[in-house]
Amino acid sequence: MSKKKLVFSGVQPTGNLHLGNYLGALKKFVSLQKDMECIYCVVDLHAITVFQDPIQLNENILETTAGFLASGLDPDKSIIFNQSSVSGHAELAWILNCVSRMGWLNRMTQFKDKAGADKEKASVGLYIYPNLMAADILLYKATHVPVGDDQKQHLELSRDVAQKFNNDYKCKDFFPLPEPLISKNISRVMSLRDGTKKMSKSEESDYSRINLKDSADEIRKKIKKAKSDSEPIPDDIKMLEKKPEALNLLTIYAELSKTDLKKTIAEMSGKDYSLLKAKLTEILIEEIAPVGKEIKKLLNDKQQLKKILLKGSEKANVIAEENLKNIREKVGLI
Ligand code: AQP
């Protein structure tokens, strides 16, 4: 078995990239590319598990690519491409659909959340989404997967699928069991309106999130309107657990100012949330507004973005085809 470390992760082109995607995934992607081999994918096949307007999807694929680059991903260091351009993802997903178990999928909380009350009306694709995610990772025999905490359960399923394939086809260690890389300080950025829900692209209210494309003015307005608390900031983390919106603001501030939550609470305790909000606005504008400007600039040359995706998909395809050859052989396909 190759012991080579390889990073794989993906982002759905389902609309505005936000601060949750940035802190939970993109920033980590960038730091990993410094000393590891990395493959980063715009997972367009995942996006269509919920209906996407075709014209909008096309634009979102390029915008997500621009978001990757604007956050600091370098196509000369990392492989950057879109999922549907490497057909091996769909082929391996089918094989893994036959390995994965209904009982495992029935436990996936994201399906329950996204399907809502009427599960019968959800697409089959949404139900088997975690098997496609397992295929994305295992197609490259990736060993490390940087994700937000919301994807932890899906990653555990990928490990179960890999293990079962290795057992069923009697090829111990054929697929490595991928390790999640989840940030300890900020594993889940929460909505600015409801601290019990994660910040998400599909949340109706734009005031619930900071988009990477937001202008300085929009950031200012959103943080001003963000839910916090009428009492001064407490000095005890336990008290903050009952105030999820306040805790979220402090956690984001700690992460962006590169300190830990304890130190931030010590620095801020007894003060009004208006002070925290002013400091948070400043640091967000400093870090996020330039990313947004760069995304807009990159989107002026869509041909160049398409060229980067094409080059990336050619590189990804070489690895995918080599692995698929062995996978087909293990399964007994000719
Ligand atoms: N709120 C979050 N906090 C931390 N990490 C997050 N991620 C997403 N939201 C947060 C991480 O970003 C990566 C890409 O996610 P995705 O866009 O592919 O899918 P998602 O998790 O379903 O994101 P959204 O925003 O909630 O999209 P919609 O609304 O379209 O479903 C992943 O690593 C994810 O963990």
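Counting starts at 1 for both ligands and their atoms, following the listed order. In what follows, every heavy atom counts, from backbone to side chain, and hydrogens, waters and symmetry copies are set aside.
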Check each atom of ligand 1 against the heavy atoms of G24 and keep those under 4.0 Å away; list them by number with element.
-> 4 (C), 5 (N)
Closest protein heavy atom (residue, atom, distance) for atom 28 (P) of ligand 1 = S202 OG, 3.6 Å
Shortest protein contact, atom 34 (C) of ligand 1 (heavy atom only) | D150 OD1, 3.5 Å
Do the charged groups of E37 and K77 touch, with an N to O distance under 4.0 Å?
-> no
Side chains of Q153 and T109, donor plus acceptor under 3.5 Å | yes
Check whether any side-chain N or O of E267 sits under 3.5 Å from a backbone N or O of K262 as a donor-acceptor pair, and report yes or no.
-> no
Would one find an N or O of M199, backbone or side chain, under 3.5 Å from an N or O of ligand 1?
-> yes
Report the part of S187 (side chain from C-beta onward, or backbone N, CA, C, O) that has a heavy atom under 4.0 Å from ligand 1; answer both or neither where that applies.
-> backbone
Provide, to 0.1 Å, the distance between atom 31 (O) of ligand 1 and the closest protein heavy atom, together with that atom's residue and name.
-> K114 NZ, 2.5 Å
Strictly under 6.0 Å, is that where the ring centroids of H89 and F81 end up?
-> yes
May I ask whether S191 places a heavy atom under 4.0 Å from ligand 1?
-> no
Of all protein heavy atoms, the one nearest atom 4 (C) of ligand 1 is G20 O, 3.4 Å
Do side-chain atoms of K227 reach the backbone of S191 as a donor and acceptor pair under 3.5 angstrom?
-> no
Working to the nearest 0.5 Å, report the span between NE2 of H46 and CG of L132.
-> 3.5 Å
Which residue and non-hydrogen atom of the protein lie closest to atom 3 (N) of ligand 1, and at what distance in Å?
-> V189 N, 2.8 Å
Donor-acceptor contact below 3.5 Å, side chain K213 vs main chain G292 = no
So the atoms of ligand 1 within less than 4.0 Å of a heavy atom of G148 turn out to be 5 (N), 33 (O), 34 (C), 35 (O)
Ring centers of Y129, H154 separated by less than 6.0 Å = yes
Which residue owns the protein heavy atom closest to atom 18 (O) of ligand 1, what's the atom, and how far is it?
-> Q12 N, 2.8 Å
Give a yes or no on whether M36 atom CE has more than 12 heavy-atom contacts from other residues, nucleotides or ligands under 6.0 Å away.
-> yes
Between the side chain of S187 and the main-chain N/O of K184, is any donor-acceptor distance below 3.5 Å?
-> no
Against heavy atoms of S200, which atoms of ligand 1 measure under 4.0 Å?
-> 25 (O), 26 (O), 29 (O)
Below 4.0 Å from any atom of ligand 1, is there a heavy atom belonging to H46?
-> no
How far is atom 17 (O) of ligand 1 from its nearest protein heavy atom, and which residue and atom name does that atom have?
-> K201 NZ, 2.2 Å
Which is it for V147 and ligand 1 at heavy atoms under 4.0 Å: side chain, backbone, both or neither?
-> both
Is it the case that Q33 and S78 place a side-chain donor and acceptor less than 3.5 Å from each other?
-> yes
State whether the side chain of R188 and the backbone N or O of I186 hold a donor-acceptor pair below 3.5 Å, judged by distance alone.
-> no
Sub-3.5 Å donor-acceptor pair from the side chain of E287 to the main-chain atoms of L284, do we have one?
-> no
With heavy atoms of R188 as the reference, note each atom of ligand 1 found under 4.0 Å away.
-> 3 (N), 4 (C)
H18 heavy atoms, cut-off 4.0 Å: which ligand 1 atoms fall inside?
-> 9 (N), 25 (O)
Checking heavy atoms under 4.0 Å, the part of N21 that sits near ligand 1 is both
Considering only protein heavy atoms, which is closest to atom 23 (O) of ligand 1, and at what distance to one decimal place?
-> K198 NZ, 3.6 Å
Taking both backbone and side-chain atoms of T14, is any N or O found less than 3.5 Å from an N or O belonging to ligand 1?
-> yes
Should D149 be counted as touching ligand 1, given the test is an N or O pair under 3.5 Å?
-> no
Have a look at ligand 1 and work out which part of A25, if any, has a heavy atom under 4.0 Å from it: side chain, backbone, both or neither.
-> side chain
